[in-house]
Amino acid sequence: AQAVPAATPPPADFGAAQDISYNSRITPKYPPQAIRQRHEGTVTLLILVSVDGTPKDIKVDQSSGFRELDRAAIETAEKWRFKPEMKNGKKVEGYVRVPVNFNLNQL
């Protein structure tokens, strides 16, 4: 008897982090206080993207360690627009994690 090839399992359901992409990305303005104090770091934001692509809720998932950098990342993310996640041909809300880097060498 000939061996029957095993069925390929369906792809795992992707979370919003993989499915939501930026339509436009505005970079955050480096806070002058942070420049003076030589603060650097990465803020990871957790953003709930609404069906129209606007951020519905923005939280700091992982702080940079500096409040002014975290605040600058949130204020900038409020202006971003995303491509909403699609499920069964319909736009749905979904979460995305976005790292925002603050590096003095990139000024």
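This is a predicted model, so every value here is computed, not measured. Nothing fancy with the numbering, it's 1 onward along the sequence.
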query: Cluster question for you: counting only ILVMFWY and a side-chain heavy-atom cut-off of under 4.5 Å, with indirect links fine, are V51 and F82 together?
result: no
message: Test of understanding: with side chain to side chain donor-acceptor pair (under 3.5 Å), list the residues that count as partners of T76, not counting sequence neighbours.
response: none
message: For E78, give me all partners under side-chain contact (heavy atoms from CB on, under 4.5 Å), at least two apart in sequence or on another chain.
response: I58, I74
message: Enumerate the ring pair (Phe, Tyr, Trp, His ring centres under 6.0 Å) contacts for residues 41-66, please, sequence neighbours excluded, ordered by first and then second residue.
response: H39-F66
message: Among residues at least two apart in sequence or on other chains, which ones pass salt bridge (charged side-chain N to carboxylate O under 4.0 Å, His left out) with K59?
response: D57
R67: side-chain contact (heavy atoms from CB on, under 4.5 Å) partners, not counting sequence neighbours: R71
message: For the OG1 atom of T27 and the NZ atom of K29, what is their distance to the nearest 0.5 Å?
response: 10.5 Å
task: Starting from the C-alpha separation in whole Å, work towards a yes-or-no answer on side chain to side chain contact (heavy atoms under 4.5 Å, CB included) for E85 and K91.
output: CA-CA 6 Å; E85 183 179 1; K91 294 178 182 179; over 6 Å; no
Donor-acceptor contacts, no H, no angles, side chain residues 41-50, under 3.5 Å, sequence neighbours left out:
unit_1	atom_1	unit_2	atom_2	d
T42	OG1	N101	OD1	2.6
S50	OG	D52	OD1	2.4
S50	OG	T54	N	3.4
S50	OG	T54	O	3.0
S50	OG	T54	OG1	2.9

- request: State whether the number of non-hydrogen atoms from other residues, nucleotides or ligands found under 6.0 Å of Q62 atom CD is greater than 12.
  value: no
field: For K56, all residues meeting side chain to side chain donor-acceptor pair (under 3.5 Å), sequence neighbours excluded
entry: E93
task: For E40, check side-chain contact (heavy atoms from CB on, under 4.5 Å) against everything at least two apart and list the hits.
output: Y30, N103, L104
- prompt: What pairs with D61 under salt bridge (charged side-chain N to carboxylate O under 4.0 Å, His left out), at least two apart in sequence or on another chain?
  reply: R97
